[in-house]
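One structure coming up, written as structure tokens, with questions to follow.
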Amino acid sequence: MSAYWLIKSEPESYSIDDLKRDKKTPWSGVRNFQARNFMRDQMEIGDLALFYHSSVSPPGIAGIAKVASAPYPDPTQFDTKSPYYDPRASKGNPIWFLVDFSFVKKFKRLIPLQELKDSKLFADMVVTQKGSRLSIQPVAQKHFGKIVTLAS
DNA sequence: GCCAACGTTGGC
DNA sequence: GCCAACGTTGGC
């Protein structure tokens with residue numbers, strides 16, 4: 001049973017255009033247990049995700065990505081030179097897991113967060129909740145479909 | 001740049 | 001196991 005997701009990224013560090021160029025990327029650097037658990041335990045190859053641009057003006061949904069690998073340990077946790085290095089982790093006992101995402105499409109227009117907040121349709125979406133900062137979230141199929149409609 | 005919200009850490 | 005202190009996220 002495939003599911004839908006929302007993944008946040010600061011476009012200054014990695015944007016939908018970067019994913020379009022790279023075709024595929026490991027979603028490294030996630031250091032939140034809830035977000036990790038979604039990748040490690042629930043994502044399946046082929047699941048679609050809304051690609052969300054955060055910490056920019058305006059924040060919003062920029063396009064669609066697709067889960068392109070099974071979960072595996074995030075290599076940056078072992079890299080002492082990486083900002084995501086975690087001394088508690090070892091190869092035999094990794095803490096952080098990720099999946100690869102591949103490019104699906106960039107929306108013709110960014111769907112601003114404010115537009116979702118203004119609409120009753122998205123009142124129960126995680127991303128529209130006050131103080132919601134989870135960087136990987138499940139998305140209901142109905143919401144996913146409505147956002148695709150808004151974008152086209 | 002501010003600050004509310006929230007997750008994590010660590011002392012007890 | 002509680003909870004205060006601290007750090008981070010991310011909208012504004």
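Throughout, protein chains are lettered first and strands after them, A, B, ... in sequence-line order, and every chain is numbered starting at 1.
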Next item on the list: Summarise how protein sits on nucleotides 5-11 of chain B as a single string, 5' to 3': B when a protein heavy atom is under 4.0 Å from the base, S for sugar-phosphate-only contact, - for no contact.
Entry: BBSSS--
Check: Would you say Thr128(A)'s side chain and Asp124(A)'s backbone share a donor-acceptor pair under 3.5 angstrom?
Finding: no
Margin query: Quick check on ring-ring contact (aromatic ring centres under 6.0 Å, His included): which of Trp5(A), Phe122(A), Tyr4(A) does His143(A) satisfy it with?
Written below: Phe122(A)
Check: Should we count CD of Gln141(A) as having more than 12 external heavy atoms under 6.0 Å?
Finding: no
Next item on the list: Taking Asn32(A) for its side chain and Ala35(A) for its backbone only, find out whether a donor-acceptor pair lies under 3.5 Å.
Entry: yes
Checklist line | Lys105(A), NZ atom: more than 12 neighbouring heavy atoms under 6.0 Å | finding: no
